[in-house]
**Q** 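Please read through the structure below; I'll follow up with questions.
FYI, side chains are in, hydrogens and waters are out, and symmetry mates aren't considered; it's all heavy atoms of this structure. Order of listing sets the numbers, starting from 1, for every ligand and every atom in it.
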Amino acid sequence: MKTLENMTTIEQMEEVTAKLKEQAVKSGAETYEDRVKQQTPHCKFGEDGVCCKNCSMGPCRVSARGKRGICGADAHAIAGRNYLRMIAAGTASHSDHAREILHVLREAKKDGGYQIRDEAKLLRLAEEWNVKTEGRDIYDVAHDVANVGLMEFGKPDGYQLFTKRAPAERQELWKKEGVLPRAIDREIATSLHMTHMGNTADAEYLVRQGVRTGLSNGWGGSMIGTEITDILFGTPQERASEGNLGVLEKNMVNLVVHGHDPAFSEMVVTAAELKELQDYAKSKGAKGLNVVGLCCTANEVAMRHGVRMAGNFLQQENVILTGVCDLMCVDVQCIFPALPKLADCFHTKFVTSSHIARIPGAIHIEFAPETAMEQAKEIVKMAIDNYPNRDEGKIYIPETKQPANVGYPCEVIISKLDGVTNSHVDQLGSYRPAVDAIRSGVLRGAVGIVGCNNPRVRPDYSHFAIMEELLKNDVLIVATGCAAQLATKAGLLNKEAKWCCGDGLRRVCDLADIPPILHMGACVDISRILLLVAGIARDWNVDMNQLPIVGVAPEWMSEKAVSIANYCIGSGIDVYLGIQPQVMGSTQMAELITEGTRKITGAGYIIDTDPKSLVKKIIDGIEAKRAALGI
Ligand code: SF4
Ligand code: MSK
């Protein structure tokens, strides 16, 4: 087995970050590393989740001196309420993103800025949601589908429609346990209501509502977001791309799109392809326009256009520190409010576009579907006009970049598997070749590695160490979000990375012509992983929690990640965490999230902050699932 010799190591990535830090110091700029020092050590009450400020009798904190808040809430109630509020906020974020996309679909027109790119998917969804299609204009169908989707947020009765996509046993379990999700906004509101002063103080019920709210995201908001994005902008296809800071170009106008909402980034990418703007860039002495992505927006535009990826969450400041970022435009989520101030130390223009993420010091261009193209053109022009303003003395572009194969939604995975066996593919598709490979032991199992990177640990290191070990042990990896970006930077999304896999996984990669880590998209696209696991469970004729398939978030940081973890747990998928949830000041909560949920959904957290022992636990967990299935 070859080693990772052609890959970019964490040490090499860290060398680049250290050089860019020198750039920051020279320019008098502050970076997150400085702020980590200022914030360390972190507040222990906050870390343990036992500080409550849900009413003005507080804030109250649980300590040896005072074991209850003024109202009598104990550590379990306080930690449980804080935890549920994180899930509610994460669910709100993913789901509101989906709602915005539905509004764009409702405005889509044949000759408008937004059009339908995947008609077949729209028609399938219309059928699933009982929207009439026969003899109708496709845009009338689209608008009705958008209205059904919008009702999923606030309908007074019934449950999330997409929960019917789960295996029947799972749906029954959700009903029996009272966690079948209702309207998305209702689950969020119920969570906030339950955690208001004077309401639920029993940690178990806070955890149960956490699972239900998470499920309204996974099988509701996020899944709606992914489906509608595919309908509007096209279901991703396998594509070649490149990733890491070396994708920034010295002689081109560099425009960076950052955030999550493809309705915005798609328009910027489209505008930058216009000849008039390419010519305008040349008129300013540049060789052309170079649009690159950051964070989850990078995943979105790479999967649909092959746009190159500058990096993940903790790389956002590094992009500006290169001195060649002519403009960074952002939409929503995971955007450091530090960026406008940092941009001021360089020539970079920093543009916000959404009322959801207003940041002092930014140029704000409020993005609206009806004027989207004009606004995107304005932004691209602003980037071009800024190109001549670079300060040569402040430029350092790291050379590091790696080739990547991206764009493996369920549809592409199914067609790749179909190529292996020519098995019949029905409308839902078949994962039978994957089932056979896992059953026979050629693959030991599969792991979804997702989530952010986090300065609480050595950034990116846990992702890398876990991926490397799993590949050697014949475990197929699917990745999304900033974990997928780390795989990109390391070179692990390249088909050639099969050389660092065990024999079984390498054989599967050869037969199916896939890289060993399949890029499934942004963090909202973890709903694709739910459908993948549900599809495999269906073809195996077991429930989702029986499969040797687990989720890992080695460096998670956001509230969205806690919501995601809860929809995975709710779906029977064990979640391995490398960062402790902020509940450990409550023994009851510590037990509930690791063991208690197993009695409800058949899954729970396994937490270990040491990546080496975490990956051992993942492999042991997969083997235990195999043993229970008798394989
Ligand atoms: Fe303190 Fe109770 Fe108010 Fe929380 S709800 S701040 S524990 S009095
Ligand atoms: S961007 S939520 S840092 S994955 Fe989706 Fe990355 Fe985590 Fe944000």
Side-chain angles (χ1 to χ4, degrees), residues 32 45 49-63 66-82 85-86 89-91 93-94 97 192 194-201 217 222 225-226 257-262 265 293-302 309-316 330-336 357 448-456 459-460 463 479-489 519-527 529 551-565 578-579 585-586:
Y32 81 84
F45 297 102
V50 292
C51 171
C52 178
K53 52 180 183 57
N54 292 6
C55 87
S56 75
M57 290 192 284
C60 301
R61 53 198 197 171
V62 175
S63 66
K67 294 209 177 325
R68 288 175 183 270
I70 291 168
C71 66
D74 61 13
H76 315 305
I78 293 173
R81 288 175 181 177
N82 289 337
R85 284 194 166 210
M86 286 187 92
T91 301
S93 303
H94 268 157
H97 162 167
L192 294 179
M194 284 174 76
T195 55
H196 186 274
M197 192 272 154
N199 285 327
T200 300
N217 178 8
S222 279
T226 296
V257 282
H258 173 17
H260 285 78
D261 183 353
S265 50
L294 246 182
C295 275
C296 278
T297 284
N299 294 315
E300 298 277 6
V301 289
M309 302 166 275
N312 52 3
F313 179 61
L314 289 178
Q315 199 113 297
Q316 54 188 294
V330 302
D331 46 76
V332 294
Q333 300 167 14
C334 302
I335 299 145
F336 277 4
I449 304 192
V450 302
C452 331
N453 53 2
N454 189 329
R456 268 189 173 269
D460 287 331
H463 285 128
T480 63
C482 290
Q485 290 287 319
L486 174 273
T488 309
K489 291 195 289 182
H519 175 276
M520 290 192 87
C523 47
V524 75
D525 292 327
I526 297 172
S527 59
I529 301 182
V552 190
E555 301 187 26
W556 70 274
M557 63 84 201
S558 75
E559 290 165 319
K560 286 181 293 172
V562 192
S563 175
I564 293 164
I579 305 275
S586 154

**Q** Can you tell me if an N/O/S atom from C71 lies under 2.8 Å from atom 2 (Fe) of ligand 1?
**A**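 Given the 2.8 Å cut-off, C71 counts as a ligand of atom 2 (Fe) of ligand 1.
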**Q** Within the 4.0 Å heavy-atom shell around G451, which atoms of ligand 2 are there?
**A** 4 (S)
**Q** Quick check on A522 - does any of its heavy atoms sit under 4.0 Å from an atom of ligand 2?
**A**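 False for this residue.
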**Q** Looking only at protein heavy atoms, which one is nearest to atom 6 (S) of ligand 1, and what is the separation?
**A**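 For this ligand atom, the closest protein heavy atom is C52 O, 3.4 Å.
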**Q** Note the single closest protein heavy atom to atom 1 (S) of ligand 2, along with its residue, its atom name and the distance in Å.
**A**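 The closest heavy atom on the protein side is H260 NE2, 3.2 Å.
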**Q** Considering heavy atoms of the protein only, find what lies nearest to atom 3 (Fe) of ligand 1 and give residue, atom and distance to 0.1 Å.
**A** C55 SG, 2.3 Å
**Q** Looking at atom 6 (Fe) of ligand 2, what's its closest protein heavy atom, distance included?
**A**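 Of every protein heavy atom, C482 SG, 2.2 Å lies nearest to atom 6 (Fe) of ligand 2.
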**Q** Give a yes or no on whether the backbone of D460 and the side-chain of N453 come within a donor-acceptor separation of less than 3.5 Å.
**A**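 No.
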**Q** Could you tell me the residue and atom name of the protein heavy atom closest to atom 3 (S) of ligand 2, and the distance to it rounded to 0.1 Å?
**A** C452 CB, 3.4 Å
**Q** Can you pull out the closest protein heavy atom to atom 8 (Fe) of ligand 2? Residue, atom name and distance to 0.1 Å, please.
**A** C334 SG, 2.2 Å
**Q** Check for me whether A561 has a heavy atom closer than 4.0 Å to any atom of ligand 2.
**A**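 In this structure, A561 fails to qualify as a contact of ligand 2 - no heavy atom is under 4.0 Å.
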**Q** Could you establish whether Q485 and ligand 2 come within less than 4.0 Å of each other, counting only heavy atoms on the residue side?
**A** no
**Q** Minimum distance, heavy atoms only, to atom 5 (S) of ligand 1: which one of K53, M197, M57 is it?
**A** M197
